[in-house]
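Heads up: the structure comes next, in structure tokens.
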There are 2 protein chains.
Amino acid sequence: MPLPKEHRMPETVVDITSVKASCQRCSLRQLCLPQELDNVDVAKLDDLVERHNPLQRGEYLFRQADQYKSLFAIRSGSFKTQHLHKDGTESILGFHLPGEIIGLAGLGSGEYQASAIALERATACELPMGRLHELVKVLPSLNHQLYKVMGCRISEDQEMLMVLRDNSAQERLASFILNLAQRLKRRGFSSVNLILSMTRQDIANFLGLTLETVSRTFAKLEKDCVLKIDRRNIQILDKQRLFKLSSASCDDPINI
Amino acid sequence: MPLPKEHRMPETVVDITSVKASCQRCSLRQLCLPQELDNVDVAKLDDLVERHNPLQRGEYLFRQADQYKSLFAIRSGSFKTQHLHKDGTESILGFHLPGEIIGLAGLGSGEYQASAIALERATACELPMGRLHELVKVLPSLNHQLYKVMGCRISEDQEMLMVLRDNSAQERLASFILNLAQRLKRRGFSSVNLILSMTRQDIANFLGLTLETVSRTFAKLEKDCVLKIDRRNIQILDKQRLFKLSSASCDDPINI
DNA sequence: CGCCGAATTGAGTCTATTCAAATGTGGTGG
DNA sequence: CCACCACATTTGAATAGACTCAATTCGGCG
């Protein structure tokens, strides 16, 4: 499997040297669980976090139907979550970037309902649920923050549901690129030059299209001078127009 | 607006006479927030619940972009949640039955991202967030339960996303009917004879189809002797086959 | 250089849509 | 009681967007 250029976090975003006491100094703090926690509380959160060695592309962070043990906060790189159906087909549920929390759906059923797979070299912080449940009892701010994270996830999932259900291929792809650009920007990456860590097939699967349609739609957007495309490298030439194309009914203001 | 026959809860399911101390005696207890709470904790939950007068078909329980104040537990009847886009179009996000908690998405953004509208005569219990936040601090069991409810919602939303993104019109409609039958059964209604409280247009909007397609697909399912259809009354004639039609890749065992 | 997987491009097909018309139903008022 | 209206629903015919199948190109890597 050919490796795409890695999504390496800029030095200022993740301090690789401070593996210990990490949440406190982690520059993902504003995007992750510690957001809005004071230093004392973050220190307590730090104690339960288990930091993992890097995963390589294709390796699993957790597997569907594994017994539910932990939430994971992504530290670097990117992941996809995918659900395996009984008939052997797979559905991609999402792509996940540094600072995002994955594994939340398991809180309901007690088992992971999807597998998380690294799309490139990636690291994650593990938050064991047992200890997290203890910690939220004594840290109302953490408890509140966790509710907020979950509320956001419900909100984002419903937004995505509407995009995938109601929009055309071009609208879906435009939304996808804009969404990615916006999330990358918050993490200190360029919001104009994106390096996709997933294949066309992954994008197609995620958007409910075929890879041929994704390819053709990219070609059309390039022909219309909205994007410049070079394999996994996407340059946004006309953000305004991409936004208009993303959906006639989208209501988010441009904030990318 | 012509009224469909009302989804009236069987006497054994909701005791209308005990409006006070209601969570304790409410027979939706096993489906709602109090699930797995002991009597002392339920009594405390009772104190914060504000019970409302019935809403008529078409009336709003809360409105999109209203300041976020409360969660709502449905007590009787049914609701739809729908998102209004900037261009004036509306997207239905879900249909909601007694015992279900709605308004969870607001926990992230601080405002409701959809409106909740009664589909028939309906009542709901209001759970003000301010007091709920206080209560979860002292009731770990309630806190735990609320996480579980939110985890389930994330899980269900993702399941729905896959159905709407990956399946054909017939698969979507079959899934929809089976899902409804299953949820109605848990609430003491027949899982064979369903009374739909929503219009064909609502179903189409929810499933990402046109109302013509919904109508044609119902007609096909009736012609194939899978359903018997009389306006809003649906009789499931062949549950086994409906399940097979619902999706080649669905993995839930038949449990309806 | 040649292999292999990823990605692109082309041609024909099919599902669901759009547009249009007809039918059915419940409620209202004469 | 019946005529009529508004609205929900059904049905038909033509269209369009995405899909399938197939062939080709591209790029990285041994």
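Any value given below was found using the heavy atoms of this structure, including those in side chains, with hydrogens, waters and symmetry copies removed.
- When rounded to the nearest whole Å, the span between CG of B:L164 and P of C:dA16 equals 13 Å.
- Nearest nucleotide to the B:L209 side chain, out of C:dT25, C:dC19, C:dA16: C:dA16.
- With rounding to whole Å, B:R231 atom CZ is found 10 Å from C:dG27 atom P.
- Taking atom CG on B:D230 and atom P on C:dT25, their separation rounds to 8 Å, with Å as the unit.
- Dashed line: the shortest gap from a side-chain N or O of B:R232 to OP1 or OP2 of D:dT9 is under 4.0 Å.
- Under a cut-off of 6.0 angstrom, the local environment of CZ in A:R186 is sparse, with at most 12 non-hydrogen atoms contributed by other residues, nucleotides or ligands.
- A donor atom on one side chain and an acceptor atom on the other are found under 3.5 Å apart for B:T81 and B:H96.
- B:T210 has a side-chain polar atom (N or O) that falls below the 4.0 Å cut-off from OP1 or OP2 of C:dT17.
- Going from atom NZ of B:K220 over to atom C1' of C:dC14 covers 15 Å, rounded to whole Å.
- Using a 4.0 Å heavy-atom distance criterion, B:T213 is classed as a base contact.
- Rounded to an integer number of Å, the gap from CZ of A:F218 to C1' of D:dC26 is 17 Å.
- B:I229 has its CD1 atom 11 Å from the C1' atom of D:dT10, to the nearest Å.
- Atom CD in A:E212 sits about 17 Å away from atom P in C:dT13, given to the nearest Å.
- A:Q113 and A:Q64 share no donor-acceptor pair across their side chains, judged by distance under 3.5 Å alone.
- If you measure from atom NZ of A:K223 to atom P of C:dT9, you get 12 Å, rounded to the nearest angstrom.
- When distances run from any side-chain atom of B:S215 to the nucleotides C:dT9, C:dA16, D:dT10, the shortest one goes to D:dT10.
- The residue from B:I203, B:T199, B:N205 that alone fulfils the side chain to side chain contact (heavy atoms under 4.5 Å, CB included) condition with B:V214 is B:I203.
- Side-chain to base pairing of B:R216 with D:dG12: one donor and one acceptor N or O lie within less than 3.5 Å of each other.
- Between A:Y112 and A:F72, the ring-plane angle classifies as tilted under the 30° and 60° cut-offs.
- Judged by distance alone, with hydrogens and angles left aside, A:R200 brings no side-chain donor or acceptor close enough to the base of C:dG5 to form a pair under 3.5 Å.
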